[in-house]
Amino acid sequence: MNRSLPLNVALVACLAFFIVLIGLPFWWVVSGSIKVPQEIIARTPTMFPQSFTLQHYQKLFEASDYPVYLVNSLLVAGSSTLLTLVLAIPAAYAFFRLEFPARGVLYRTILLAYAFPSIVVLIPLFGLFAKVGLIDRLPALVAVNVAFALPFSIWMLRSFLAGVPKEIEEAAVMDGAPTLTILRRVMIPLIAPGIASVGIYAFVTAWTEYVFASVLILSDARRTLPVGFSGIIGQYQIDWGLLLAGATVAIVPVIAIFALIGRGFVSGLTEGAVK
Amino acid sequence: MAELVLTDLHKKFGATEVIRGASLTAESGEFVVFVGPSGCGKSTLLRMIAGLEKTSSGTISIDGRDVTDTDPAKRGIAMVFQTYALYPHMSVAENMGFGLEMAGMAKAEREEKVRQTAATLHLTDYLDRKPRQLSGGQRQRVAIGRAIVRDPKVFLFDEPLSNLDAELRVKMRLEIAKLHKDLRATMIYVTHDQVEAMTLADKIVVLRAGLIEQIGSPLTLYSDPDNRFVAGFIGSPRMNFVEAAVKGRDGDALVLDVPQLGLPALPVRPRAMPEALPRTATLGIRPESFSENADGPYRVTLPCTAIEHLGSVSYLYTAPGDDATLIAELKRSANVESGEQVDMSIDPSDCFLFDTDGHRI
Ligand SMILES: Nc1ncnc2c1ncn2[C@@H]1O[C@H](COP(=O)(O)OP(=O)(O)O)[C@@H](O)[C@H]1O
Ligand SMILES: [Mg+2]
């Protein structure tokens, strides 16, 4: 493609703007977490660390409940992601492939889940969970996260399924594959990019979820990172170094999951299938 | 090898009837080609035979067994899709072995079978490759291999060559013909390319708007079409049609006045003499029926408005681009130039007659 020089310059400038906009806070947090306290609160902020220390990390892992919160969050986000995928993939395939009464209505209805702000459903949900004994238990958070991630995930996966050429599925039918085998052996590999996106979406929403985690969990030992960590910060007077170290560690799993399943984002998976 | 019988098949999509009563028999080992213009229902009919489309009414039977409502995989049929429809994430070997695996064949046996089939299709060196690493022709061969490996009773092809370039198309056409000879399997082949139809078919089925217009061998359709549609569809360039007035009858021929050709009394023998003489008729004559021997009794002079030289033959057009143009094939006179008047003659026995509804007279 041929682009004119001014357009190229404009594109680069635009890109640079967004890199700075998004990257600068990250850099600030990560670089700050290894500065000694004096440098962090120094009157003239330093763009590049003049000192190096791991004291904040040491304090974070040895003198706070941070590791407990971290494990809880990993458990909740991990199970929420898995469960979302396990439920969304067959559901999306059913909405895509199977004929059943009220399919269209049902398909649109599931999006109603997003019609209410979470705060509105919080109280009834609390009552419900209290009845079934799920208050102060991590599965409650998993249930909430999955319930909120599912509708979008189903919509997203269905459109990925619709992008698979119909003939490939028909070829599998002619080859004698049962529906679930077609899903497992043919469709799932072909919509891997969609599954990766949905997985990341589910993980990140569960990882950052605050409102339900703050209300449905009562005991300190079961708190997730966003809630528990905000407690650490307020507990003493604000310890900036600790805060920055905690924030840095909280980013790590998200980056890891991007690196791990982001590989599923390879385009052109169906290349060579048709034509 | 199997006999395939379709009896009065109908297919409706909602309110529109796409197949409007199709009956036909494909003998065991026969190569049957469905031709017709785009949208006439060829693919739909083929997909009904495959079981990918439900049949609205009528029956499909294979070797005497009614399979109208049988699962696609249990009909003993394999299909080659126009778009190949290979599994992109599987290797060539896995693509070919998938159907066998689904049928429950043991791994070792499966691999042996795939190897054998790949060898006959010259795919041995590509067994570990993914479809995207293959050329168009190789992909097409994999798609064919995937069909063959299962030893189906009936093969279905839906325009399998339409995505290939002209040279490869000819090559694959010959390979498919050879395959049919070697396997002696019943094959149903959809195409809109009448050269493919003529060269491959034992039997051609001409479809139009969901109806079968005529079934017959390629030469029957060419030399004895039932109606104007078939006459115009089979043969390239297409048959010329000119309006004629019926002057009377002379023995077993109708005497026609054909002003467009400048022939006041052309005696043409109809297929069967109609009881009452029609007042008008459409005369059909193929481009290749014009003879440059201008000393026959029925001389025609055509204005050459455009001429296409193909080397061995040339095509003369009287009104290029117009539906009413006449096309004549010239065998020798490659030195004719546009603007000239060309003298030729025709033989009444090469002419066809159609009534105003397009039926053959
Ligand atoms: N799933 C479908 N729903 C509605 N109409 C269809 C469907 N499939 C095919 N048709 C219609 O049926 C007619 C025949 O289609 P098709 O069999 O694909 O034609 P061909 O293969 O001869 O070009 C077309 O008019 C097409 O629009
Ligand atoms: Mg078609």
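Keep in mind that the numbers below use all heavy atoms, side chains included, and drop hydrogens, waters and symmetry copies. The shown structure was predicted, so the numbers you read here are calculated from the model rather than taken from an experiment. In what follows, every chain begins at residue 1, and chains take the letters A, B, ... in the order their sequences are listed.
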Quiz item: Given that the side chain runs from C-beta out, which part of B:E101 has a heavy atom under 4.5 Å from chain A: side chain, backbone, both or neither?
Solution: side chain

Practice problem: Counting only heavy atoms closer than 4.5 Å, note whether B:L134 contacts chain A via side chain, backbone, both or neither. | Solution: neither

Quiz item: Between the main-chain N or O of A:V211 and the side-chain N or O of A:E209, is there a donor-acceptor pair closer than 3.5 Å?
Solution: yes

Practice problem: Look at the rings of A:F100 and A:F95 and say which category their plane angle falls in: under 30° parallel, 30 to 60° tilted, over 60° perpendicular. | Solution: tilted

Exercise. Could you tell me whether the side chain of B:H89 and the main chain of A:R185 form a donor-acceptor pair under 3.5 Å?
Key: yes

Self-check item: Segment of B:R47 engaging chain A (4.5 angstrom heavy-atom cut-off)
Solution: side chain

Quiz item: Is the number of heavy atoms from other residues, nucleotides or ligands within 6.0 Å of CG (B:D165) greater than 12?
Solution: yes

